[in-house]
Amino acid sequence: MDIIWVLIALFTALTLLVVLVERYAKPMSAKKQAKYSKILPILIFVMLITALIKQVFESGYL
């Protein structure tokens, strides 16, 4: 029964977030979008490598 309340709370929060972002968010400029498109793949790669290293150390292989 608790999982239903958690799901209802998450759905409500997500709905509220979507409504507020659609109403008040400004479109991203082309310059800012180009900057993020250069940085984002590097950050994703770093996150994947970090998760892999963490998994190796937690599994006890080393």
Side-chain angles (χ1 to χ4, degrees):
M1 190 66 179
D2 288 336
I3 190 74
I4 293 173
W5 290 113
V6 170
L7 289 174
I8 290 172
L10 286 174
F11 182 74
T12 305
L14 182 62
T15 303
L16 180 65
L17 182 69
V18 167
V19 169
L20 290 176
V21 166
E22 284 180 351
R23 183 173 296 168
Y24 296 112
K26 298 176 187 173
M28 192 181 297
S29 68
K31 184 177 180 181
K32 198 171 192 178
Q33 188 175 3
K35 183 176 103 174
Y36 284 141
S37 69
K38 289 179 184 176
I39 295 173
L40 198 60
I42 296 169
L43 291 176
I44 292 172
F45 179 74
V46 169
M47 279 182 15
L48 287 172
I49 296 299
T50 305
L52 179 67
I53 291 171
K54 181 181 174 187
Q55 185 67 32
V56 167
F57 281 116
E58 286 181 353
S59 66
Y61 285 125
L62 293 179

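Below, each value reflects all heavy atoms present in this structure, side chains not excepted, and no hydrogens, waters or symmetry copies.
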Nearest 0.5 Å, what's the OG1-CG distance between Thr15 and Leu10?
10.5 Å
Nearest 0.5 angstrom please: Phe57 CZ to Leu52 CG, how far?
10.5 Å
Residue from Val19, Leu20, Thr12 passing side chain to side chain contact (heavy atoms under 4.5 Å, CB included) with Leu16:
Leu20
Here the gap from Leu14 atom CG to Leu7 atom CG, rounded to the nearest 0.5 Å, amounts to 12.0 Å
Between the CD atom in Glu22 and the CG atom in Leu17, the distance rounded to the nearest 0.5 Å is 10.0 Å
Is there a chain of hydrophobic side chains (I, L, V, M, F, W, Y, each step under 4.5 Å between heavy atoms) that links Val21 to Met28?
no
Can you confirm whether Trp5 sits close enough to Ile8 that some side-chain heavy atom of one is under 4.5 Å from a side-chain heavy atom of the other?
yes
